[in-house]
Amino acid sequence: MSWRGREMAAAWGLWLALGGAGCQDQRFVIGNLTPGQGGGGAAELPRFDAPTAVTEINSSEREEDPTLTDDLLEIYFMSDREGSRDIWTSRRAGMGSPWDAPHAVENINLAESIEDTPCVSGDGLQIWFYSRREPEGIWLAERASRDDPWGTPAHVDALAVEGATVIGPHVDPPGLHLVTGVTPADAETYLAIASRERPEDDWSALVPLAGVDGPGDEGGPFLFDGGKQILFRSSRAGGGDLFWARRASAEAAFEEAAPLEEPVNLPEERDTDPHLSADGSVLFFASTRTGVADIYEARRLTP
């Protein structure tokens, strides 16, 4: 068994002791898991229509990592349009309205640093992100209302992993579970999860997320449906595609992950950073299908 296999076996026992994923996240189901003989099942992949570029916020440079408030009226993302990876934001007046001209987020970006992979809470009052400032890792900023500026960010010490880079956090709506990518110095990125009993508590140590460790690297996770479904980016099929996996319960390991079909994933392109709307009807993600990474949205088809 590889070092990661031994680590995952031990960590899975710890994770079960912590109560499994148990996310009180979105309750919609975007794919079907049909029970089969012997307790097995066949999964029907979630399907989406042709993606469209979110043109108001894209530029000629790279945009990735979209994350939105539950009402879909405020978006955060990474852009390097000013020469460095920073977190940008935009708002719109209502669904179907155009996005305002985006701007770099105040009080979060540092001139001599890199800020990346934001995750905004559904109410828009907390934002987690990766920063290369000292100490490198996951940081958290808060604000009293969506009309207030973000407060001074604080490093989330509990989410540090010795000898590894932790990047790409996703936090469930109650703020009790966090999934993220972990990149050891001598290995590929794997997905890990932390939990806590109350939002004011410290996070547990990150442990590998069982069942989604593929032959490539994984990142950009989005956990939902009470912890039973996940979307993430994986290089196991090439340069990078969006994968979906499901498990029978929040305490089980995930079944084998499968790539989303075209027109979301495209051959020879890098499709990454999924974010589902609160009702599961819209998928936001980043793709290089126009030659540079831009942000797209796609409507879900039944199922």
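Bear in mind the structure is a predicted one, so any value in this text is a computation, not a measurement.
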#### Entry: Glu197 side chain reached by Leu176 side chain, heavy atoms, under 4.5 Å
no
### Query
Is a side-chain N or O of Asp49 found less than 3.5 angstrom from the main chain of Arg299, in a donor-acceptor match?
yes
### Query
Can you tell if the side chain of Asn109 reaches within under 4.5 Å of the side chain of Ile87, non-hydrogen atoms only?
yes
### Option passing side-chain contact (heavy atoms from CB on, under 4.5 Å) with Leu242 (candidates Asp273, Leu231, Leu283)
Leu283
#### Entry: Asp123/Arg143 ion pair, N-O < 4.0 Å
no
### Message
Let me confirm one number: the OH-OG distance from Tyr130 to Ser113, rounded to the nearest 0.5 Å.
### Response
7.5 Å
### Message
With rounding to the nearest 0.5 angstrom, report the CZ to OG1 distance, Phe129 to Thr117.
### Response
9.5 Å
### Query
Can you tell if the side chain of Pro102 reaches within under 4.5 Å of the side chain of Ser79, non-hydrogen atoms only?
no
### Task
Could you tell me whether the side chains of Tyr76 and Glu74 share a donor-acceptor contact shorter than 3.5 Å?
yes
### Task
Could you walk me through whether Leu209 and Phe254 pass side chain to side chain contact (heavy atoms under 4.5 Å, CB included), step by step?
CA-CA 8 Å; Leu209 187 59; Phe254 279 97; 4.0 Å; yes
### Query
Would a distance-only check, ignoring hydrogens and angles, find a side-chain to backbone donor-acceptor pair under 3.5 Å from Asn58 to Val54?
yes
### Other residues, nucleotides, ligands: >12 heavy atoms within 6.0 Å of Asn107 CG
yes
### Query
Where the side chain of Asp201 meets the backbone of Arg198, is there a donor-acceptor pair that is under 3.5 Å apart?
yes
### Query
With distance as the sole criterion, is a donor-acceptor pair present between the side chains of Asp148 and Ser145 under 3.5 Å?
yes
### Task
Determine whether Trp99 and Trp88 fall in the same hydrophobic cluster, where Ile, Leu, Val, Met, Phe, Trp and Tyr are linked whenever their side-chain heavy atoms lie under 4.5 Å apart.
yes
### Message
Ignoring hydrogens, what is the shortest heavy-atom contact between Gly220 and Pro274? Give both atom names and the distance.
### Response
O-CD, 3.2 Å
### Donor-acceptor contact present, side-chain Asp225 to main-chain Lys228, <3.5 Å
no
### Same cluster (ILVMFWY, side-chain, under 4.5 Å), Phe232 and Val207
yes
### Query
Is a donor on one side and an acceptor on the other found under 3.5 Å between the side chain of Arg92 and the backbone of Leu72?
yes
#### Entry: Distance-minimising heavy-atom pair for Val166 and Ile138
O-CD1, 3.4 Å
### Message
Looking at every heavy atom in both Asp71 and Met95, which two are closest together, and how far apart are they?
### Response
O-SD, 3.9 Å
### Task
Establish, from distance only, whether the side-chain atoms of Thr288 and Glu269 form a donor-acceptor pair under 3.5 Å.
yes
### Sub-4.5 Å side-chain heavy-atom contact between Asp116 and Met78
yes
#### Entry: Backbone of Pro259 reached by a side-chain donor or acceptor of Asp241 within 3.5 Å
no
#### Entry: Thr180/His170 under side chain to side chain contact (heavy atoms under 4.5 Å, CB included): CA gap, chis, key distance, verdict
CA-CA 6 Å; Thr180 189; His170 165 67; over 6 Å; no
### Query
Side-chain contact, heavy-atom cut-off 4.5 Å: Asp213 with Glu218?
yes
### Message
Tell me whether Asp271 contacts the main-chain N or O of Ser287 through its side chain, where contact means a donor paired with an acceptor under 3.5 Å.
### Response
no
### Summary
Of all heavy-atom pairs linking Pro221 and Ile230, the shortest is CB-CD1, 4.1 Å
### Message
Regarding Glu115 and Arg133, does a basic nitrogen lie under 4.0 Å from an acidic carboxylate oxygen?
### Response
yes
### Message
Count I, L, V, M, F, W, Y as connected when their side-chain heavy atoms are under 4.5 Å apart, and connections chain through other members. Are Phe285 and Leu45 then in the same cluster?
### Response
yes
### Task
Could you check if a side-chain atom of Val120 sits within less than 4.5 angstrom of a side-chain atom of Leu68, using non-hydrogen atoms only?
no
### Message
Between Asp80 and Arg62 (salt bridge meaning N to carboxylate O under 4.0 Å), is one present in this structure?
### Response
yes
## Note on the structure
Here the gap from Thr89 atom OG1 to Asp100 atom CG, rounded to the nearest 0.5 Å, amounts to 9.5 Å
### Query
Will you find, in the side chains of Trp150 and Glu106, an N or O donor that is under 3.5 Å from an N or O acceptor?
no
### Query
Can you tell me how far the CG atom of Leu178 sits from the CG atom of Leu223, to the nearest 0.5 Å?
10.0 Å
### Query
Can you tell me how far the OG1 atom of Thr69 sits from the CD1 atom of Ile75, to the nearest 0.5 Å?
9.0 Å
### Message
Salt bridge check, Arg233 against Glu64: does any charged N sit closer than 4.0 Å to a carboxylate O?
### Response
no
### Message
Any non-hydrogen side-chain atom of Glu112 less than 4.5 Å from a side-chain atom of Leu110?
### Response
no
### Query
Does CD in Glu61 sit with more than 12 non-hydrogen atoms of other residues, nucleotides or ligands closer than 6.0 Å?
yes
#### Entry: Closest heavy-atom pair and its distance - Ile114, Ser84
CG1-OG, 4.2 Å
### Task
For this output row, return yes or no: ring centroids of His275 and Phe222 closer than 6.0 angstrom.
yes
### Check ion pair Arg91-Asp147 (N to O, under 4.0 angstrom)
yes
### Message
When you compare the side chain of Ile127 with that of Glu142, does any pair of heavy atoms fall below 4.5 Å?
### Response
no
### Task
Measure across Ala257 and Arg236 and return the closest heavy-atom pair with its distance rounded to 0.1 Å.
CB-NH1, 4.0 Å
#### Entry: Asp65 side, atom CG; Arg85 side, atom CZ - distance, nearest 0.5 Å
9.0 Å
### Message
Against the six-membered ring of Tyr296, is Arg289 placed for a cation-pi contact (under 6.0 Å from the centre, within 45° of the normal)?
### Response
yes
### Task
Inspect the contact between Arg81 and Glu63 and indicate whether a charged nitrogen and a carboxylate oxygen are less than 4.0 angstrom apart.
yes
#### Entry: Aromatic Phe48 / basic Arg300 pairing, under 6.0 angstrom, 45° off normal
no
